[in-house]
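Proteins come first, then strands; the chains are lettered A, B, ... in the order of their sequence lines, and each starts at number 1. Note that the structure is a prediction, hence the values are computed from the model and not measured.
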There are 2 protein chains.
Amino acid sequence: MSNKEISTEQAILKAAKNIFIRKGMEGARMQEIADEAGINKALLHYYFRSKDKLFEAIFTDAILKIVPNIMEMMKSDLPLFTKIELFTNNYIDAFTENPFVPGFIMHELSRDPSKIVNMVKNAGINPHPFIDQVKRETESGNIIPVDPYHLIVNMLSMCIFPFVATPILINVLFNKNADSYKEFILQRRKEVPHFIINAIKKK
Amino acid sequence: MSNKEISTEQAILKAAKNIFIRKGMEGARMQEIADEAGINKALLHYYFRSKDKLFEAIFTDAILKIVPNIMEMMKSDLPLFTKIELFTNNYIDAFTENPFVPGFIMHELSRDPSKIVNMVKNAGINPHPFIDQVKRETESGNIIPVDPYHLIVNMLSMCIFPFVATPILINVLFNKNADSYKEFILQRRKEVPHFIINAIKKK
DNA sequence: GTTTAGTTTAACCAAATGGTTAAACCAGAT
DNA sequence: ATCTGGTTTAACCATTTGGTTAAACTAAAC
């Protein structure tokens, strides 16, 4: 495997990522990807065999950017408020570094839900330790009572949605000021856990 | 315009809605829509001229299901906590009645952001009365200090995301139990404003 | 019955699409 | 120089796609 081969393959992956993110699986055209990679279209098939397989490579890479360490946090014995901070910070950090991922996954979620569902399940995500902990804290009277399922969904919502809705937020909320939006996203890291903890903290 | 014509047009719209929601604009095939409507494909062009125009009709209808009365709420003089309840309840009710809308809009948001941005702006959505109100309440010391932009985004996130992420939630959180998910969605109407108000209410 | 306007059909069209093929190219080894 | 294996190319392929066309159909009006 020569150095030149890695370069062509990487060029394809990079171009495919750009096009698939912008156009989705159905909207992306192999010729377009080849053009962006600066190669002959037949090479896409030489290296990746089919459009499906190329897409799979990009998509799997995207998913793997967010799933792995969430599990460790879910299983740990850390205090609830610390967990909430870790959970939200982990997600927001991962999305800040890879801002295309949430929109990409949500886009594919409507096109082919089973694939994403299987990948998330195969990653072994198990929310029950966290759910049990929220229940215990509620029963002990340590927090304002909250249904753990709603708490999880609220946390996910506030982490993911702002990245998915970027164009709307920039244009409607921030008057087309992308810098304001960036500043806003940086603040999310602190504001989201703060908001969530305030919602359940006894005073 | 005969009764028969309305029927063919409606059959097309109904079938197109189903297919566009499932497949998106790029993934939907005119022959497939025709098959589902039980008509000859040429009729799609006879009635709607092109795939774009047919899609436009479906999409505009979807957007109009959620935008209009949010404006009235934003401009009113109601107390902040009441507004939060109205805002979240309005959204959740609209999505409960039209569960395809959030996913459909999010899907199109990645494909063609400018269209959605323009539609939302043309609807005259102006968040500033609400933003000003949150600022006043914060300065008066009536609520826990919260940045109004983050508050708005949190509210939108918690209203919209659970509908977009339906397949993930049903399969990962609710063990494929669609009835549990439905129950969960019904609870959202009360849980979301409750959570939000708890987060900013002084105790 | 004929005429008319609207609706529908089957056949057709040109372009686009993902993919295939075989030859040319390249560089290292002999 | 030739051989070899890997890479790349241009041409080609069959199918699909959104759209067009002209004829057939339908029902109401006269």
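One N or O on the side chain of A/Asn40 and one on the backbone of A/Ala42 form a donor-acceptor pair closer than 3.5 Å.
Between A/Tyr149 and B/Phe174, the gap from one ring centroid to the other is short of 6.0 Å. Under the 6.0 Å cut-off for aromatic ring centres, B/Phe55 and B/Phe104 qualify, their centroids lying closer than that. Taking the ring centroids of B/Phe100 and B/Phe163, they lie at or beyond the 6.0 Å cut-off.
Proximity of B/Leu78 to B/Gln133: side-chain heavy atoms (C-beta onward) are nowhere separated by under 4.5 Å. Put simply, the side chain of B/Leu80 reaches to within 4.5 Å of the side chain of B/Ile200, judged on heavy atoms.
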Nucleic acid footprint by protein, nucleotides 9-18 of chain C - heavy-atom cut-off 4.0 Å, B for base, S for sugar-phosphate alone: BB------SB
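With rounding to whole Å, A/Phe48 atom CZ is found 16 Å from C/dG19 atom C1'. Rounded to whole Å, the distance from OH on B/Tyr46 to P on D/dA24 is 18 Å. Distance, B/Ile19 CD1 to D/dT17 C1': 15 Å, rounded to whole Å.
Side-chain N/O atoms of A/Tyr47 include one lying less than 4.0 angstrom from OP1 or OP2 on D/dT8.
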